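Scroll down for the structure; my scribbles are underneath it.
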Amino acid sequence: MEKTFLMVKPDGVQRGLIGEIVTRFEKKGLKLLAGKIMVVTEEQAKTHYIEHESKPFFGSLISYITSGPVFAMVWEGKDSVALTRSMIGATKPTDAAPGTIRGDYAVEMSRNLIHGSDSVESAEREIANMFKADELVSYEQATAKWLYE
Ligand SMILES: Nc1ncnc2c1ncn2[C@@H]1O[C@@H]2COP(=O)(O)O[C@H]2[C@H]1O
């Protein structure tokens, strides 16, 4: 089982899309281990986007992600990183297929609604940046036997 870090960004929160987005992952069969509405601090934002530090859009990325509340989540499931990335869709909304979250709801790359970890290693780092260990709840998923062979 893999854990992944997903975050509805400030535009998704303001547009009232938290429920719609959470519903998609729930219906897929993933298990929600943690979720909270929070304002990302400048320090957390810089740690989260460390790989974009040298990019010209880094400054605007940091101000955008800290501009209002986000909905941060930890989800668990088999291949959850790859599954959620494909459900989120391409970074650039014009490349995101219909049926994906960005394909259905996003217009611009700098307002692309949701973040999803790109690897298990990134997920571990991103979860540790936004959650304390005791905020993740461990429980048995009643539907597991119908989802997994
Ligand atoms: N060329 C770009 N201009 C502005 N924002 C970008 C650009 N490339 C990537 N981003 C943003 O940087 C973010 C990095 O994390 P995400 O993939 O979640 O979403 C990405 C976009 O929101």
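When a residue number appears, it is its place in the shown sequence, counting from 1. Because the structure is predicted, anything quoted here is derived from the model rather than measured. Counting convention: from 1, in listed order, for ligands and their atoms alike.
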E20 bridged to R24 by N-O distance under 4.0 Å: yes
K36 to F71, cation-pi by 6.0 Å centre distance and 45° axis angle: no
Please output the side-chain donor-acceptor pairs of residues 48-58 that fall under 3.5 Å, not counting sequence neighbours, one pair per line with the distance.
unit_1 : atom_1 : unit_2 : atom_2 : d
H52    : ND1    : K55    : NZ     : 2.9

Set of residues that line ligand 1, where lining means a heavy atom lies under 4.0 Å from it: K9, Y49, H52, F57, L61, T91, R102, M109, N112, H115
Between S60 and S63, a side-chain donor and acceptor under 3.5 Å: no
Cation-aromatic face contact K31/Y139, 6.0 Å, 45 degrees: yes
E126 and S117: side chain donor to acceptor below 3.5 Å: yes
